[in-house]
2 protein chains.
Amino acid sequence: MILVKQSVLRLFQYRDFLIRSKKLGKESIFSDDFAENLGTTSIQVRKDFSIFGLSGNKRAGYKVDELLKQLNDVLKKDEKQKVIIVGAGNIGKALMKYDGFREGGLEIVALFDNDSKAQNEKAKPPVLALEQLYGFINENKIELGVIAVPYHSAQQVLDIMILAGIKGVMNFAPIALKAPKNFYINDMNLKIELESIAYFVKSLKKKRT
Amino acid sequence: MILVKQSVLRLFQYRDFLIRSKKLGKESIFSDDFAENLGTTSIQVRKDFSIFGLSGNKRAGYKVDELLKQLNDVLKKDEKQKVIIVGAGNIGKALMKYDGFREGGLEIVALFDNDSKAQNEKAKPPVLALEQLYGFINENKIELGVIAVPYHSAQQVLDIMILAGIKGVMNFAPIALKAPKNFYINDMNLKIELESIAYFVKSLKKKRT
DNA sequence: TAGATTGTTAATCGATTAACAATC
DNA sequence: TAGATTGTTAATCGATTAACAATC
């Protein structure tokens, strides 16, 4: 198993496409269909499958039900995963309401914020005080978190999360967080992503003149 | 200029770090400082600079003011860029309020939504009807957009944006959008990113047992 | 001068793409 | 059988890392 990271991301997308296709009553799908849906090539689709030992039928593509079962297995989509969000600002609250997570089996069980006005223990996912962060993670054995706090408190928050037992985070704070080797961080730097789009758009324009 | 995409993203991060350092009164910075801040190596920092012709002083690092000027030039950070957001749901509204964009010189000038309850022409960035999308882009010569609509309407919305003159988008809809070659799309698939974190966390756990 | 740092060229690594073999 | 499709091995490409030369 050599190339992995990118392939895994695509496997999740193949899975989503499979689920949607199943709803439409499709029973089998070709590598070309996956490729078209994802904007990639059928070669890459089959390569990805091959890496993870997923196989189809020559001349007949992939059986939807069968592949879905295999994919769920490979992607470890077994039980629901509990997730907490630290920071109940714009981003944090938007993610709380984001349907995609629920669909992906990711359940947001609590938010945390040190602004007492934002706190609400009775809310559907409760918004708790930061002091409760460590205890909550520990008691509920949470392994996944989202960091949606300003950059100056992000590292501090992460340190608590790590101590309490979190194993991986999605980080929206625009800062490179420090964590142990076996801890997984996925940086989502919205500002820089949009700035870079602006940059590449300007570059494209220049090229044509 | 061979490697570019990743380097550009880092250049924007170097710039942010420079701005923060300047505020702290720093006058010069070493490649090691950049590396530490970004979680990369000084070799990569210097390589990135070298690609874009940015130079420092042997033994004395980089002068903050000087490098910042050069970086702004390279990254084309001249005038403010106007941005529109299509979709005034959770994500769309959160992005509207996101400070990072403003700091990066990206001004959100309007949102669009086909839900009349969400619309509000008088709001600070107005929330307009989808029917106004084409005209608004066209009249205001907008080049940058954010797609934050459900996946089933994303392609339709993009088609209008392209026709009206948008040149690049940040896409939050979980679908591979079709666009001409010289159009720039940056996909932000939150669901898949978080799912993949869950996956890698589970993988790490398995490895240790 | 010696040491620390920048800057560039070469080597390696990881991911994608191409070529082609297998087979239904 | 011929054609379409899967699946794997090899080649290429792009990005990172290492080696080292330059110099303040």
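Labels below follow one simple rule: chain letters A, B, ... track the order of the sequence lines, proteins then strands, and each chain is numbered from 1.
Residue B:Ser55 places its side chain closer to C:dG7 than to any other of D:dT16, C:dA15, C:dG7. Set against D:dT8, D:dT16, C:dA15, the side chain of A:Ser50 has D:dT8 as its closest nucleotide.
Screening residues 177-192 of chain B for salt bridge (charged side-chain N to carboxylate O under 4.0 Å, His left out), with sequence neighbours left out, gives A:Asp16-B:Lys191, A:Glu36-B:Lys178, B:Lys191-B:Glu195. Each ring pair (Phe, Tyr, Trp, His ring centres under 6.0 Å) pair with one or both residues in residues 15-51 of chain A, not counting sequence neighbours, appears once here: A:Tyr14-A:Phe34, A:Tyr14-A:Phe49, A:Phe17-A:Phe34, A:Phe34-A:Phe49, A:Phe49-A:Tyr62.
Across all strands shown, B:Tyr62 has heavy atoms under 4.0 Å from sugar-phosphate atoms exclusively, and none from any base. Counting any heavy atom pair closer than 4.0 Å across all strands shown, A:Phe30 reaches sugar-phosphate atoms only and no base atom. B:Ser42 comes within 4.0 angstrom of no nucleic acid atom, judged by non-hydrogen atoms across all strands.
In this structure, the CG atom of A:Leu38 is 15 Å from the C1' atom of C:dT16, given to the nearest Å. Whole-Å rounding puts the B:Lys5 NZ to C:dT16 P distance at 13 Å. Atom CG in B:Asp48 sits about 14 Å away from atom C1' in C:dT8, given to the nearest Å. Taking atom NZ of B:Lys47 as the reference point, atom P of D:dT17 lies 12 Å away to the nearest angstrom. Look at CZ on A:Phe52: it is 11 Å from P on C:dA15, rounded to the nearest Å. Whole-Å rounding puts the B:Gln44 CD to C:dT12 C1' distance at 14 Å. The separation between B:Ile51 atom CD1 and C:dT8 atom C1' is 11 Å, rounded to whole Å. In this structure, B:Lys63 atom NZ and C:dT6 atom C1' are separated by 14 Å, rounded to whole Å.
Not a single salt bridge (Lys or Arg N to Asp or Glu O under 4.0 Å) links B:Lys58 to another residue, sequence neighbours left out. Shown here are the side chain to side chain donor-acceptor pair (under 3.5 Å) partners of B:Asn72, two or more places apart in sequence or in another chain: B:Arg15. Remark: B:Asp32 pairs with no residue by the salt bridge (Lys or Arg N to Asp or Glu O under 4.0 Å) rule, at least two apart or across chains. In this view, A:Arg102 and A:Asp99 satisfy the salt bridge (Lys or Arg N to Asp or Glu O under 4.0 Å) rule, not counting sequence neighbours. For the salt bridge (Lys or Arg N to Asp or Glu O under 4.0 Å) test, no residue two or more places apart in sequence or in another chain qualifies with A:Asp115.
One finds no side-chain N or O of B:Gln6 lying less than 4.0 angstrom from the OP1 or OP2 phosphate oxygen of D:dA15.
No more than 12 heavy atoms of other residues, nucleotides or ligands shown are found within 6.0 angstrom of CD on B:Gln156.
Formation of a donor-acceptor pair under 3.5 Å by the B:Lys77 side chain with backbone atoms of B:Gly104 is found in this model.
Between B:Ile29 and A:Thr41, the residue whose closest nucleotide on DNA chain C is further toward the 5' end is B:Ile29.
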Handout entry: Intra- and interstrand pairs of DNA chain C - dot-bracket, Watson-Crick/G-U under 3.5 Å, | marks other strand
Key = ..||||||||||||||||||||||
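Between B:Leu111 atom CG and B:Ile84 atom CD1 the span is 9.0 Å, to the nearest 0.5 Å.
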Problem - Sequence-aligned protein contact record of nucleotides 19-24 of chain C, with B where the base is within under 4.0 Å of a protein heavy atom and S where only the sugar-phosphate is - result: ---BBB
